[in-house]
Structures are given as structure tokens and as C-alpha cells.
Amino acid sequence: MISSNSAVILGIVSIVLLPIISLAQVTKEDLPAQLQYILESDLETWEPLPELSKAFPYYLSGFDSENRPIWVVEVGKWDIRTILERGEKWEKLFDKFMDKWLWRVINSTKTKATEDSPVTELDLIIDADGMDYRQLSSPKAVGYALKKLRTLAQALPMAHGMYIVNANFVAKNAINL
């Protein structure tokens with residue numbers, strides 16, 4: 001069940017719209033211990049394959065009145081099952097793609113922050129339009145999604161609000177997993 005106090009925004013990300021943000025903006029103290037590996041990786045310079053960016057869209061939509069970033073993730077379009085069926089190499093690339101998304105989300109909280117007005121939260125919009133049963137019929141895809149959700153749950157303290165839109169029957173069942 002999603003808490004109204006938690007916020008997660010998922011969506012299509014256009015790399016072109018995302019400002020370049022230095023990893024130095026986020027410190028270890030800003031992150032839970034389980035997410036600190038992000039600071040010790042090459043995510044600042046790593047760019048995902050265009051095929052992944054197109055197939056798994058997300059984007060920074062803008063900022064709210066308190067300068068919190070608003071992220072949109074169009075998970076209804078995400079076909080995790082097909083990526084996993086392509087083998088271990090693609091699963092590792094997708095893992096890194098997800099870590100890059102999380103890196104961008106976390107760093108975006110510093111984009112409009114100032115010393116007088118720090119920003120430590122974000123809003124997340126999950127667009128489930130298009131989610132179909134095929135995704136839930138793959139035990140590997142469901143297991144992978146649950147594994148990644150456990151990682152993402154570590155970032156929930158940074159969430160001001162999480163909104164799920166266009167949730168059909170399949171999306172509602174996935175949420176209840």
C-alpha cells in the first residue's frame with residue numbers, strides 16, 4: 001500500500017530536458033546507507049543506450065512552488081519482461097539504467113536548492129497507462145520489479161508526494177503486490 005506521506009514520481013525521461021547536475025551536490029549524509037553505492041559509481045558520466053531510454057521513458061517535468069522536482073515515469077510503457085528475456089547482459093544494463101534514473105532523481109533535489117532554502121524532497125508521478133497482464137505473467141519480471149522496488153523504497157524519505165495516474169486493473173493489482 002502506498003502511503004500518502006510518501007512520494008514517488010516515475011515517468012518518461014528525456015535526457016535532453018534534464019540539466020547536467022554534478023554528483024558532488026549530493027553527499028553521503030543525504031542518502032540512506034543502502035543507496036550510498038550510487039556516489040561511488042560512474043553514473044555521473046555513464047549514459048544509457050538510446051534503446052533503453054526510448055523503451056523506458058521518464059522525465060523531469062518541472063518544479064513545484066517549493067522548488068521540489070517533479071518526476072514522471074511512464075511505467076505502463078515499460079516492458080521489463082522483454083529486457084530480462086534478452087539475457088544477463090541486458091539485465092545488467094537495465095540495472096544500471098535504473099541506478100542512473102535514481103541518481104538523476106536524487107541530484108535533481110539540489111537543482112534549485114539554496115543555502116537559505118534547501119530542497120530535500122521530490123514529487124513522483126507514476127503513469128501506469130498501458131500496463132498489461134503480460135508483465136505480471138512473468139515470474140522473473142515480477143521478481144525483478146519487486147527487487148528494484150525494495151531499492152527504490154530506500155529513497156522514500158525524500159518523497160514529498162507519490163501519485164499514480166491512469167491505473168487500470170492490471171496496474172492496481174501490481175500496486176497491491
Side-chain angles (χ1 to χ4, degrees), residues 7-64 66-115 117-127 140-141 143-160 162:
V8 178
I9 298 180
L10 297 177
I12 299 178
V13 171
S14 171
I15 296 172
V16 178
L17 296 177
L18 185 66
I20 298 173
I21 302 166
S22 170
L23 188 60
Q25 292 178 323
V26 174
T27 66
K28 282 190 172 187
E29 294 77 33
D30 293 329
L31 295 176
Q34 299 90 335
L35 296 178
Q36 291 181 6
Y37 72 93
I38 289 174
L39 297 177
E40 298 157 358
S41 66
D42 65 343
L43 293 173
E44 184 171 16
T45 57
W46 183 81
E47 288 301 325
L49 296 173
E51 181 178 349
L52 287 172
S53 297
K54 183 177 180 183
F56 302 95
Y58 65 91
Y59 58 92
L60 176 61
S61 176
F63 297 85
D64 69 10
E66 295 181 27
N67 289 328
R68 290 183 292 249
I70 302 169
W71 284 89
V72 178
V73 180
E74 293 189 32
V75 296
K77 295 179 179 178
W78 288 27
D79 187 359
I80 296 171
R81 179 180 182 162
T82 297
I83 285 294
L84 297 178
E85 288 173 348
R86 292 172 85 176
E88 187 177 335
K89 174 187 172 188
W90 283 93
E91 183 174 339
K92 287 181 180 179
L93 283 170
F94 189 65
D95 270 339
K96 195 160 189 176
F97 175 84
M98 291 296 298
D99 287 344
K100 178 75 172 199
W101 172 77
L102 187 57
W103 181 88
R104 286 177 170 150
V105 167
I106 290 168
N107 274 303
S108 69
T109 62
K110 306 302 181 188
T111 303
K112 292 196 169 191
T114 65
E115 211 172 286
S117 184
V119 177
T120 59
E121 297 178 324
L122 59 102
D123 289 310
L124 183 62
I125 299 170
I126 300 170
D127 187 348
K140 186 171 184 174
Y144 181 86
L146 291 173
K147 176 183 86 169
K148 291 313 271 184
L149 285 172
R150 282 191 290 276
T151 300
L152 295 175
Q154 301 304 314
L156 281 179
M158 297 181 76
H160 170 259
M162 176 177 169

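Sequence positions, counted from 1, serve as the residue numbers for this chain.
- To the nearest 0.5 Å, atom CZ of residue F94 and atom OG1 of residue T82 are 11.0 Å apart.
- Taking a cutoff of 4.0 Å between a charged side-chain nitrogen and a carboxylate oxygen, K140 and E85 do not qualify as a salt bridge.
- Taking each heavy atom of W78 and M98 in turn, the nearest pair found is CZ3-SD, 3.4 Å.
- Side-chain N or O atoms of S117 include none that pairs as donor or acceptor with a backbone N or O of T114 at under 3.5 Å.
- Atom CG of residue L60 and atom CZ of residue R104 lie 10.5 Å apart, to the nearest 0.5 angstrom.
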Does the pair I126 and M162 meet the rule for a side-chain contact (heavy atoms from CB on, under 4.5 Å), with working shown? CA-CA 8 Å; I126 300 170; M162 176 177 169; 3.2 Å; yes
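- Annotation: side chain of F56 is in contact with side chain of I80 (closest heavy-atom distance under 4.5 Å).
- Side-chain contact check for F63 versus T111: some heavy-atom pair is nearer than 4.5 Å.
- L35 CG to L102 CG: the interatomic distance, rounded to the nearest 0.5 Å, is 5.5 Å.
- Listed here is the closest heavy atom pair of F97 and P48: CD1-CB, 3.6 Å.
- For the atom pair K112 NZ and E66 CD, the distance stands at 13.0 Å (nearest 0.5 Å).
- Atom NZ of K100 sits about 13.0 Å away from atom CG of L52, to the nearest 0.5 Å.
- Looking at T151 and Q34, their side chains never come closer than 4.5 Å, going by heavy atoms from C-beta outward.
- Minimum heavy-atom separation, V119 to P69: CG1-CD, 4.1 Å.
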Before giving the answer on salt bridge (charged side-chain N to carboxylate O under 4.0 Å, His left out), spell out for D99 and K148 the whole-Å C-alpha distance, their side-chain angles and the decisive distance to 0.1 Å. CA-CA 10 Å; D99 287 344; K148 291 313 271 184; 3.8 Å; yes
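- A 4.5 Å side-chain heavy-atom check between K92 and E88 finds at least one atom pair inside the cut-off.
- Counting only heavy atoms from C-beta outward, the side chains of H160 and T109 never approach each other to under 4.5 Å.
- What you find for P32 and Q154 is that their closest heavy atoms are CG-O, 3.0 Å.
- Between W101 and L152, the shortest heavy-atom distance links the atoms CZ3-CD2, 3.4 Å.
- In terms of heavy atoms, D64 sits closest to I70 at N-CD1, 3.7 Å.
- The side-chain heavy atoms of Y144 and I83, taken from C-beta on, include no pair separated by under 4.5 Å.
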